[in-house]
Every structure is written in C-alpha cells, then in structure tokens.
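Inspection log for the structure reproduced underneath, given as structure tokens.
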Amino acid sequence: MSIRIRWRRAPNTRGVIGLIALSLLVACGRQHDESEGIRTANVPKRGVQSAPGLQLESDEQAALGIELASVREATVANSVRGTAVALDGTALASTLADLTAARAELRSAQQAASRLQKLFDDDGNASRAALETARAQAAAARARVTTATARARLDWSSSLVDGTQSGKRLANIAAGREVLLRAEFPGTLPGPAAGLQYVLLRREGEPPLNAVAFIDRSYAPTASLAGTSVLLAIRVDPEQAPRPGERGLVVASAATTQMQPIVPLAAAIADGGRLWCYVRRGTDRFERIALRVDAPTPDGYPSDVPLSPGDQVVVRGAPLLLSRERDSGVAEASGD
C-alpha cells in the first residue's frame with residue numbers, strides 16, 4: 001500500500017507581510033499628519049492675513065500703551081485730488097497755425113481738382129493725366145489734414161482745435177494771459193467733468209486759485225490705466241505765469257457731499273510716503289490700512305478700505321505697532 005503525499009505551495013507570505021506593513025505605515029503617517037494639523041491649527045499664523053498687520057495679546061497691548069478710539073461718520077465733500085502740469089501756449093498756437101495752413105492747402109488742391117474736372121468734361125480741354133495728378137494731390141492734402149487734426153485733438157482737445165473756444169481765449173493763451181493746465185486724476189471723477197469745481201493748490205503760504213475754467217476732456221495717455229485727464233485754464237499775470245512743465249496739485253469737487261466713516265486725526269501715521277492707521281479686528285489682531293488724503297475733513301481721513309462706524313482704531317501707540325510689524329518681517333512680506 002502506497003501513500004501519496006501532495007505538497008501544496010505555501011502562500012507568498014512576504015507579499016502579505018509587506019502589504020500589512022505598508023498599510024500600518026500609511027495609517028500612522030495619516031494619524032501623524034492629522035495630529036500635526038490639529039496642533040498647527042491652534043497656532044495663530046502671523047503675517048498670513050490679507051492686510052498687513054500683526055497680532056498682540058492683551059498683556060502686550062497694555063505694555064505698549066495702546067489706546068483706541070471709535071470711527072465716526074462725517075460729511076465729506078465728494079472730491080478727488082490730482083496733478084496739474086502747465087502747458088506751453090506757444091506750442092498750441094504753432095499747432096493751430098500749422099493746421100490752418102494744412103486746411104488752406106486742402107481747399108486749394110480741391111479747387112484745382114474741381115477746375116480740371118470741368119475742363120476735362122468740357123470737350124477735353126484738360127488731359128486725363130493732369131486731372132489724375134490733381135486728384136492725387138487733393139487726396140494727399142486731405143490725408144495730411146485728417147492726421148494733423150486727429151493728433152491735435154489728442155494733444156489739445158476738440159474744443160481748442162475745432163474752434164469751440166472763443167477767439168479771445170485763444171488769443172489770451174497765445175499772449176500768456178491764460179495758462180493751460182492738463183490735470184490728471186488717478187481714478188474716475190466724482191461727476192461730469194464739465195460740472196465740477198476745480199481748485200489749484202499753489203505753493204505753501206499762497207492762497208489756492210479758485211477761478212479755474214474747464215476747457216475739455218483730454219484723451220492724452222495718463223500714467224494710470226484708470227486715470228482721467230482734463231484741460232483747464234487759469235488767468236494769470238504774464239510776469240508770474242507758471243513755466244511750461246511746472247507741476248501743482250489740483251482738487252476736483254462735486255456740488256454734493258456724502259457721509260463717510262472717518263478715521264480720527266490722532267490715528268494717522270506716516271510711512272513710505274502714505275498715511276496709515278491700525279484698526280483692531282477682534283481682540284488681538286491689528287491691521288494696517290491706508291488713508292485717503294485727497295478728501296480730508298477737520299475730524300480726520302476716510303480710508304482706502306471699507307470701515308463701519310464703531311470700528312476701533314489705534315490713536316496712541318501706532319508707531320510702536322509699526323515698529324513691531326517691521327521687526328517681525330510682516331510689512332516686508334506684504335510688499336510695502
């Protein structure tokens with residue numbers, strides 16, 4: 001009697017053990033990541049917020065002597081501030097003279113072409129070649145006038161180029177009794193340009209000029225893509241007229257006013273050529289926001305970001321906050 005023994009191949013225990021070990025490693029790593037996520041979620045992330053600023057616990061605020069005041073609403077004139085540059089009146093006179101000469105040349109060429117057309121139609125008293133030459137000269141003159149007019153309108157506005165302004169004003173500009181200004185504003189105007197009041201801010205100690213006349217919108221390129229440009233005129237003494245290229249500040253105001261939240265004057269701090277203030281968010285977050293200097297009031301400044309009446313701003317200790325922010329590197333990371 002014979003006994004047969006069948007051997008069965010043992011399963012691949014190495015593969016099973018490897019899979020089990022890999023699963024354990026993944027599970028442990030996931031648990032480690034979750035625990036790390038819980039720990040890091042409880043740690044405040046300094047300098048990651050959208051607005052520049054920093055976080056201070058209550059004891060740190062007390063140590064720095066931080067004092068707060070509430071934002072209040074006040075009546076603000078609907079105005080914007082821009083930069084005005086004096087233009088060369090003789091350049092305008094030269095442009096208008098060149099344009100007048102080009103238009104006269106066009107009329108002469110058109111008359112010559114019309115005369116040859118009549119002679120050609122009258123039993124061929126003019127040759128076709130002469131007629132075609134006259135037509136070509138008239139077309140070239142028309143193209144020169146079209147190009148020169150478009151360029152002059154871009155540089156000096158349609159109002160000055162097309163004769164909408166009075167001859168007396170143009171004579172005053174040529175004689176230096178009136179000075180043209182191109183005023184450029186960084187954004188949109190607070191109303192239709194022709195209906196605004198423009199005030200030119202002069203040198204320190206000199207009164208502003210209120211008698212500024214609106215001429216026309218200007219379509220010359222501006223420094224800002226969203227900028228707006230207008231042409232203005234001021235009556236001056238030729239001996240005291242600003243030189244071409246001289247710059248000043250101009251304010252454009254609408255007749256209407258509006259209520260806006262105002263940051264107290266004591267909250268404003270200067271840094272990097274701008275005015276800022278710190279507003280407290282929650283109990284320990286202080287965000288630095290820019291103030292608008294184009295519409296100041298006796299009580300303070302509007303802000304670049306929306307604020308609500310009752311928001312708390314720092315009126316004492318703001319320079320210390322800025323110093324802390326600089327030391328922590330938040331301000332540099334925010335791109336200031």
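Just so it is clear, the model here is predicted, and its values are computed rather than measured.
Taking CD of Glu60 as the start and CZ of Arg324 as the end, the distance is 5.5 Å to the nearest 0.5 Å. In this structure, OG on Ser253 lies 8.0 Å from CG on Leu196, to the nearest 0.5 angstrom. Note: Leu321 CG to Leu64 CG = 6.5 Å, rounded to the nearest 0.5 Å.
When all heavy atoms of Val145 and Ala102 are compared, the closest pair comes out as CG2-O, 3.3 Å. In terms of heavy-atom proximity, Ser303 sits nearest to Ile289 at CB-CD1, 3.9 Å. Here the shortest heavy-atom pairing between Pro190 and Ala252 reads CG-O, 3.9 Å. Annotation for Leu106 and Ala138: closest pair CD1-O, 3.6 Å, computed over non-hydrogen atoms.
Side chain of Ser114 to backbone of Gln110: no donor-acceptor contact under 3.5 angstrom is found. Side-chain N or O atoms of Gln61 include one that pairs as donor or acceptor with a backbone N or O of Leu56 at under 3.5 Å. Looking at Ser108, its side chain never comes within 3.5 Å of a backbone N or O of Ala104 through a donor-acceptor pair.
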### Task
Tell me, with the steps shown, if Thr228 and Arg217 meet side-chain contact (heavy atoms from CB on, under 4.5 Å).
CA-CA 8 Å; Thr228 306; Arg217 288 287 297 268; 3.6 Å; yes
### Task
Apply side-chain contact (heavy atoms from CB on, under 4.5 Å) to Leu201 and Arg81, showing your working.
CA-CA 10 Å; Leu201 304 181; Arg81 180 173 296 196; 4.0 Å; yes
### Task
Check step by step if side-chain contact (heavy atoms from CB on, under 4.5 Å) holds for Leu68 and Phe286.
CA-CA 11 Å; Leu68 304 172; Phe286 292 87; 4.3 Å; yes
### Task
Start with the C-alpha gap between Asp162 and Arg153, add the side-chain angles, then the distance that decides, and say whether side-chain contact (heavy atoms from CB on, under 4.5 Å) holds.
CA-CA 8 Å; Asp162 298 335; Arg153 286 172 177 169; 3.2 Å; yes
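Put simply, the side chain of Thr149 reaches to within 4.5 Å of the side chain of Arg103, judged on heavy atoms. Looking at Ser58 and Thr283, their side chains never come closer than 4.5 Å, going by heavy atoms from C-beta outward. Between Val71 and Val279 there is no side-chain heavy-atom pair separated by less than 4.5 Å. A heavy-atom distance below 4.5 Å is not found between the side chains of Thr90 and Ser94. A heavy-atom distance below 4.5 Å is not found between the side chains of Leu291 and Arg274.
Ion pair Arg326/Asp271 flagged as a salt bridge, since at least one NZ, NE, NH1 or NH2 atom sits closer than 4.0 Å to an Asp/Glu carboxylate oxygen.
Among the candidates Gln312, Glu287, Arg285, Glu325, the single residue satisfying the side-chain hydrogen bond (donor to acceptor under 3.5 Å, both in side chains) test with Tyr278 is Glu325. When the options Thr95, Asp216, Leu96, Ile215 are evaluated for a side-chain contact (heavy atoms from CB on, under 4.5 Å) with Trp156, the one that passes is Thr95.
Ile269 and Leu54 fall within the same hydrophobic cluster, where Ile, Leu, Val, Met, Phe, Trp and Tyr residues are linked whenever their side-chain heavy atoms come under 4.5 Å apart, directly or through other members. Val161 and Phe214 end up in different hydrophobic clusters when Ile, Leu, Val, Met, Phe, Trp and Tyr side chains are linked at under 4.5 Å. Grouping the Ile, Leu, Val, Met, Phe, Trp and Tyr side chains by contacts below 4.5 angstrom, directly or via other members, places Ile234 apart from Ile173. Placement of Val85 and Tyr198 in two distinct hydrophobic clusters is found when ILVMFWY residues are connected by side-chain heavy-atom separations under 4.5 Å, directly or transitively. A continuous path of Ile, Leu, Val, Met, Phe, Trp and Tyr side chains, each step under 4.5 Å between heavy atoms, connects Leu265 with Leu307, placing both in one hydrophobic cluster.
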Check: residues 176-189 side-chain donor-acceptor pairs under 3.5 Å, at least two apart:
{"from": "Arg177", "atom 1": "NE", "to": "Asn172", "atom 2": "OD1", "distance (Å)": "2.8"}
{"from": "Arg177", "atom 1": "NH2", "to": "Asn172", "atom 2": "OD1", "distance (Å)": "3.0"}
{"from": "Glu178", "atom 1": "OE1", "to": "Arg169", "atom 2": "NE", "distance (Å)": "3.1"}
{"from": "Glu178", "atom 1": "OE2", "to": "Asn172", "atom 2": "ND2", "distance (Å)": "3.3"}
{"from": "Arg182", "atom 1": "NE", "to": "Ser218", "atom 2": "OG", "distance (Å)": "3.3"}
{"from": "Arg182", "atom 1": "NH2", "to": "Asp155", "atom 2": "O", "distance (Å)": "2.5"}
{"from": "Glu184", "atom 1": "OE2", "to": "Ala223", "atom 2": "N", "distance (Å)": "2.7"}

